[in-house]
Every structure is written in structure tokens, then in C-alpha cells.
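Just so you know, these numbers use all the heavy atoms, side chains as well, and skip hydrogens, waters and symmetry mates.
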Amino acid sequence: MQDFEVKERLREHLEYLCSFDKLSGEPEAYRAVEYILDVLEKSGISCHEEDFPAYLSNPVSSVLIADGEEFPCRPRSFSESTKEMIEVPLIYDPGTKTEVSLSEQKRFMETVAGKLVLGYGFDERYAKLLEQHGAAGWIQIWTSDEDAIHEDTVSPVWGTPDMDSSLFRLRMPVVAVSKPCGEKLIRKLKTYEAEGKQLFAQLSSEVDTDVKNVALPIAEIPGKSRDFVLLSGHYDTWYRGAFDNCTANVLALELARYMKEHQDELFYSLRIAWWPGHSNGRYMGSTWYCDHHWDELEEHCIAHLNLDLLGSKGADHTLAIRTAGLEGEEWLKEQVRKVDPAAEMMFGRIGRGADQSLWGAEIPYHINPRYEAKKERKQSDAPGPGVYWWHTIDDTFDKIDLDGLLRDGRVVGVLLYELLSKEKLPADYRGYAKTWLPYFETLKNSEEHEQAADEIETLLKEVLDRCETLEHIWGTEKIEEHNRLCRLVGGVLSRLMHSTGSAYEQDTSFAYGPLQLLKASAKALPENSPADWSLFYQTTFVRQRNRMVTELRKLLKEIDLEFRNGSDRFGSSRNCDRRIEI
């Protein structure tokens, strides 16, 4: 009976929210906010709305013609409008389909000036390289076979630009085509080239980029402590956005209702945010919240659970849980088995996307759970369950699996309740080591890079050894000290491992964590690489090495200072075989 009632409430909410588009900055988005707040108020949950200006970019229309044939296409959010139809030569970059060396990529870039480039993928760094070398524009070719064109953004700036990052804004038109259309264009181009002719294309693209007002609804359920868990998901959508992200929105409403009924059992408080500007603002809602609620997040937020792409048809019984890793796989398995004993679970490091904008505030736990399709059953290269309707007009109510959404809700609910109701925070430092240490093996391809990797790896091991030793000394009694250690180490490592720059700013959208930067810069140093690009990559490597080594040393000192009563026993504890080995 309980599941039936929950399912009917979810259905009712979804039928309403899936009945209209919800693009941030538009009147329909405010309708969604009004509905969310109305449901919360009727459930007796404290809630409010925060309003602020946002820098948003809405694709309007585009036309692409080649060899007298028009090809369906859509402009990318935050790309440049053409203002009028342009006619320019087409060129294809095969290096976007197969891996090429830096020298090969640079040689290609030297040929793109004044041309419209055909290339696979959606990498924002690639877009900036094309712009830098004078390309007239980029036609993005989707990588899987569906005919659908998926809406997306090409902004290299994460969230609202500041004075410096505003200079990174793209000043070049970018449109997307399906793989079948893209490959047809490539065939036409090759035919022309074989005949010694040049294929010209006509392109017009209109994108509405401007400052508009948005609203952010927030719900609060106080627990015994001021410290809180943040549950979040974006409410703005491309088109109707049934599974991206109406399903997560209504699940958050139902979880709010449940936690309100069990409020007396909550040690930590619960805060729920429904972000605007995820789709057409490059995660500006979550970055605005991080900027304007910094003190609360930095001082009191213990965990961030983000919900995205839930309850879609096409998802298997495979539960993917991506986290920063401090809680450990065993803790996650223990919770999930309470509600889904048969779940096939896979674990991974949380990636950048889905409003992962809060690394700077040093929140120790970041968790993103969802059921997905097995690779062989995916219909598309789209994220999550891999369905063709992602970011398209076809993402409608009929694509929702309500039973699957209930299953998602049980898993999120048990993880959330466990975090909220238990004072002692979960920690598995040996598991945490296994999450990170294997990355350093990929850096050891030269003496210089091996030395840096060994140094970082040694410091990281020493940090986690310290934690293991302290936990051994404390046993199960010192919950306050345990929690302080979790928040210190988990917070610093979450920031250090998932961001590359200042804690108070956002990395660009093409930055993917220091380990990826270290790996990329180490890989890019063969002798045949361009001298200037090699120097740039080498500089990146040195700076990220300096950052990680220095920050880990500081963390060790802070642990010793904060917990100095136990630090004098570190040496003897090491003799008791407390060292972490992988």
C-alpha cells in the first residue's frame, strides 16, 4: 500500500512537471518553482525561493546547407551567432575519431583558418583551439548512430563567468548534427576532394545569450545538528525533460516528505536545492549557490548527494554509484542491500558534471547514484541509461519507468537516511587509498614523472596512514574526533583530487581534475611534440605537482596539529602494522 501511495504521488507530480518546457529564465521555469514550493508547503516543510540574475544561453535556430542539400542541425548553447548566412569551405578532422599525436593535431589546426570544421565529439578545449586558429565554425558530429540531435552547451566556463573567465567565452558558431548526417557530409567532402574540388557549406546560427532572472527553491528540515546534508538536482530542462530531470525533482519532493515524517530521528539537518541554469547556464545555479552560501557550505555541509537522470525506461538492474570515496564501497553495499539485495553494483570516481560545483567548500562526501543500462544494451552514447531521448524533444512522460524510479528512490532514501540519522560519519581509509593510488601508476613513464608520482603517492599514503593510526588509537569511542578527522581529510582530498585551481573559483569545463591533467601533461612530452605545446603541458605538470605536494604536506601538518595528542604515538603504531599498502 505504501509503495502504491508513493507511486501515485510521483505520478501526479510528474504528470504536471512533464507537461511544459522548463528552460531557465523563461516563465515556464517559474511555474515549476511555484509547484515545488507549493508541494513543500502543503507537506509542512520549511522552504523559500532565492532569486538572482543569471547569464544564460538558449539555442534558437540554425541552417546548414552543403552541395545543395540541407542537413538538420542545432546550435550549441554559448556558441556565437553568425548574424547572417556564411558560406565557407568544409574540412574534416579525422583526429577527432582516432587518437593522434600533438604534432598531428597542431598540423591540422594550421589548416582550419576560415573553414567550417567537421569533427566528432563535444570537447570545449577543442572548440577553443579551433577558434584560436581562426576556424569559421565547428560542426559537432554525435558519436552513436541515432538520428536525434541532442541539445548541449559548448561553454568552457563553469557557471557564471567572472572578469577573467569571461575572456574564455567562445566567439565561434558551433552546431551539432547526428552521426548519420555527419558521415554523409564527410562522404560528400571526400567525393569533392577526390575530384580536386572544394566543398563549400552555408551556415546560419542564432543563439540567444543574455542575463535573465532565475529562481532557486530550497527546502530545510532541521535535525539535532546545524551540520547538514545537501540533496540536489536541477529542475530546468531541455524541452519537457521527463527523466532529465523531472524524475529527480519529484523524487526529492517525496524524500523531503519522508524525512519530515522522520524528523525526530535525524541527527544532521537536510537541505534540498533544485538548481536552475544547469542546462542553458553551464551549472550556474549550483555555482551561484556555492558563491553566495560559501560560509554555510564550508562550515556545516557534510555531504552532497546529487540526483540526475533517474527513472528512465532502458535502465538495467545495474546500480552505478560514483563518489569521492571516503565512505568506502562496503558501507555503500551495506546500505543498498537493505533495499535491493539483488542489485548489481559498480563503483567509480565521481566525474565532473551534474552540478558538481562545490569542491572548493571541502565537503567530505559526494555521492551520485543511479541505475544504468549495461554497455551492450545502451541505445546511445548519451550519459546515464544511454537512451536516445536524452536532451531531445522526445524526453517525455511516456519514457519514465515509475517502478524504476521507486527503485532509485529506495536506494537514494537509504543512503540519505543513513547519513542523516547516524552521528558517526562513515570512513574507510584503506578503501580510499584504493580509490586514488592506482592513478599514479599511469604517470610513471619517465624519470621526472615517476619521481613526481612517487612523491605524491608517498604523501597521500602518509596522510591515510595517519588516519588509520588515529582511528586505531581512538577505537569506537571518540566520535567527535573521528568526525573532525573525516571532515578535514575528506574535505581537503575531495577538493584536491577533483579540482585544479583556487577553492573560491571554478575550473574551466575542460579541466578534469589534477590527476587527469598530470597524466595528460606527462603523456604529451614525446620528442616529436611541438615545442610550444610541450612547454605548456610541462608547465601544467609542474604546477599541479607543486600544488598536490604542498597541499598534502599542509594536510599532514594540520592533522598533527589538530590531533597532536595522538600524533606522538604514530611511530609506535606504525610498528603495529598500520601501514596502508595497495
Should Lys338 and Glu418 count as an ion pair when the cut-off is N to O under 4.0 Å? yes

Quick one: are the ring centres of Trp158 and His278 less than 6.0 Å apart? no

Whether the Thr143 and Asp381 side chains hold a donor-acceptor pair (N or O, under 3.5 Å, no angle test) is what I'd like checked. yes

Taking only residues two or more places apart in sequence or in another chain, which ones pass salt bridge (charged side-chain N to carboxylate O under 4.0 Å, His left out) with Arg240? Asp21

Give a yes or no on whether the ring-centroid distance for Tyr126 and Trp138 is below 6.0 angstrom. yes

Is the shortest distance from a Lys or Arg side-chain nitrogen in Lys378 or Glu376 to a carboxylate oxygen in the other one below 4.0 Å? no

For the side chain of Asp152 and the backbone of Phe122, is there at least one donor-acceptor N/O pair under 3.5 Å apart? no

For Arg337, enumerate each residue passing the salt bridge (charged side-chain N to carboxylate O under 4.0 Å, His left out) test, keeping only those at least two apart in sequence or located in another chain. none

Can Arg282 and Asp355 be counted as an ion pair, charged N to O under 4.0 angstrom? no

Regarding Asp507 and Thr500, do their side chains bring together a donor and an acceptor under 3.5 Å, going by distance alone? yes

Do any pairs count as a salt bridge (Lys or Arg N to Asp or Glu O under 4.0 Å) and have a residue in residues 90-100, sequence neighbours left out, and if so which ones? Lys97-Glu183, Glu99-Lys523

Is Lys399 close enough and on-axis enough to Trp389, meaning under 6.0 Å and within 45°, for cation-pi? yes

Should the ring pair Phe20 and Tyr16 be called parallel, tilted or perpendicular, given that the plane angle runs from 0 to 90° and is split at 30 and 60? perpendicular

Indicate yes or no: at least one non-hydrogen side-chain atom of Tyr429 is less than 4.5 angstrom from one of Cys486. yes

Exercise: identify the closest heavy-atom pair between Val100 and Gly95: CG1-CA, 3.7 Å

Is any side-chain N of the basic residue among Asp403 and Lys7 closer than 4.0 Å to the acidic one's carboxylate O? yes

salt_bridge(Lys333, Glu330) N-O dist < 4.0 Å: yes

With a 6.0 Å cut-off on ring centres, are His150 and Trp142 close enough? yes

Compute the ring centroids of Phe541 and His449, then answer whether they are less than 6.0 Å apart. yes

Using 4.0 Å as the upper bound for N to carboxylate O, is an ion pair formed by Asp145 and Lys179? yes

Any side-chain donor paired with an acceptor under 3.5 Å for Gln335 and Tyr417? no

Contact summary for Ser178 and Glu146, nearest pair of heavy atoms: CB-O, 3.7 Å

